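Data first, discussion second: the structure below is written as structure tokens.
As the structure is a computational prediction, the values presented were derived from the model and not from experiment.
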Amino acid sequence: MSENTNSFSPAKLLSKAVKTVKGENTNRLIEDFTSEMTLVAEGLYEDQGKLHQEISQLAREEDARLQHIETEMAALDTTLEEDRRNNDEIVTELRNRLAALEKQNKALQAGAAKKDKKSWIAQLTVPVAILAGAWVIVTVLKLIGGGL
């Protein structure tokens with residue numbers, strides 16, 4: 001029995017384990033581990049380089065998109081300003097025409113008051129024309145205002 005107990009002693013077990021770990025395979029295992037870790041590190045380095053290139057490419061593309069958008073916005077601002085100037089000119093012209101029609105209407109009304117024999121249809125024509133002109137101007141102004 002003492003023989004069996006000695007063969008499984010903790011000291012012998014530990015000695016066997018140490019011999020197994022420190023044996024001939026340890027150097028080969030270290031070399032294998034080192035070569036595999038080197039391979040992994042090189043792969044990670046290559047992946048990092050590719051990601052850096054992709055990020056740089058995406059940044060260049062984004063810069064190009066932003067430049068394009070800024071150019072488009074500048075063109076739209078210019079067009080908007082030109083449209084505003086044109087609309088202001090149209091409104092001014094319409095106001096001048098309306099003022100001229102009002103003057104003409106006053107002159108015709110003054111002349112109509114002097115002439116008693118004028119028919120009621122002729123007397124209504126000028127105010128109706130002024131109202132129609134005013135309606136056209138208001139409609140145009142609403143269209144211009146709605147377009148902006």
Side-chain angles (χ1 to χ4, degrees), residues 8 10-148:
F8 290 111
K12 284 184 179 181
L13 215 65
L14 182 61
S15 172
K16 267 186 172 181
V18 168
K19 283 181 185 177
T20 304
V21 170
K22 286 187 175 182
E24 307 161 2
N25 294 334
T26 304
N27 288 337
R28 188 178 53 89
L29 289 173
I30 290 173
E31 286 178 22
D32 288 347
F33 177 77
T34 303
S35 86
E36 286 179 20
M37 288 309 291
T38 302
L39 232 142
V40 167
E42 288 173 352
L44 289 173
Y45 181 78
E46 287 177 16
D47 290 346
Q48 185 181 16
K50 287 178 185 177
L51 286 174
H52 181 69
Q53 288 176 349
E54 287 178 17
I55 288 171
S56 297
Q57 178 64 27
L58 288 173
R60 285 190 296 274
E61 289 173 4
E62 188 63 25
D63 287 345
R65 277 190 219 109
L66 286 174
Q67 182 64 34
H68 177 72
I69 288 171
E70 288 173 355
T71 303
E72 289 292 321
M73 286 178 63
L76 288 173
D77 285 344
T78 302
T79 303
L80 181 62
E81 188 60 36
E82 289 173 1
D83 286 347
R84 283 183 183 158
R85 278 191 298 252
N86 289 340
N87 289 338
D88 288 346
E89 290 173 6
I90 290 171
V91 168
T92 302
E93 183 181 334
L94 289 173
R95 285 182 181 158
N96 291 340
R97 286 182 182 178
L98 180 59
L101 284 174
E102 287 174 350
K103 283 182 185 179
Q104 186 180 10
N105 181 37
K106 286 180 184 177
L108 288 174
Q109 284 178 350
K114 292 179 182 178
K115 295 181 184 179
D116 291 334
K117 294 187 178 183
K118 223 175 194 187
S119 72
W120 63 275
I121 295 175
Q123 291 175 358
L124 280 178
T125 304
V126 173
V128 168
I130 290 173
L131 288 175
W135 178 79
V136 168
I137 290 171
V138 168
T139 303
V140 168
L141 289 175
K142 283 183 180 179
L143 288 174
I144 290 172
L148 294 177

Could you check whether any side-chain heavy atom of Glu54 comes within less than 4.5 Å of a side-chain heavy atom of Leu51, counting everything from C-beta outward? yes
Euclidean distance, Ile55 CD1 relative to Glu62 CD, rounded to 0.5 Å: 13.5 Å
What's the separation between atom CD1 in Ile130 and atom OG1 in Thr125, rounded to the nearest 0.5 Å? 11.0 Å
Residues two or more places apart in sequence or in another chain: which of them pass side-chain contact (heavy atoms from CB on, under 4.5 Å) with Val128? none
Which of these, Ile90, Val91, Thr92, sits in a side-chain contact (heavy atoms from CB on, under 4.5 Å) with Leu94? Ile90
Set of residues satisfying side chain to side chain donor-acceptor pair (under 3.5 Å) with respect to Gln57, sequence neighbours excluded: Arg60, Glu61
Using side-chain contact (heavy atoms from CB on, under 4.5 Å) as the criterion, list what pairs up with Glu70, not counting sequence neighbours. Gln67
The criterion is salt bridge (charged side-chain N to carboxylate O under 4.0 Å, His left out); which residues satisfy it with Glu72, sequence neighbours excluded? none
One should read off an interatomic distance between Glu81 CD and Thr78 OG1, to the nearest 0.5 angstrom, of 8.5 Å
Steps toward side chain to side chain contact (heavy atoms under 4.5 Å, CB included) verdict (Leu80, Arg84): CA-CA 6 Å; Leu80 181 62; Arg84 283 183 183 158; 3.5 Å; yes
Check whether any side-chain heavy atom of Leu108 sits under 4.5 Å from a side-chain heavy atom of Gln104, and report yes or no. yes
Show me the side-chain donor-acceptor pairs of residues 32-46 shorter than 3.5 Å, one per line, residues at least two apart or across chains.
from  : atom 1 : to    : atom 2 : distance (Å)
Thr34 : OG1    : Ile30 : O      : 2.7
Ser35 : OG     : Asp32 : O      : 3.2
Thr38 : OG1    : Thr34 : O      : 2.7

Taking Asn87 for its side chain and Asp83 for its backbone only, find out whether a donor-acceptor pair lies under 3.5 Å. yes
Sequence neighbours excluded, the answer for side chain to side chain donor-acceptor pair (under 3.5 Å) partners of Glu93 is Arg97
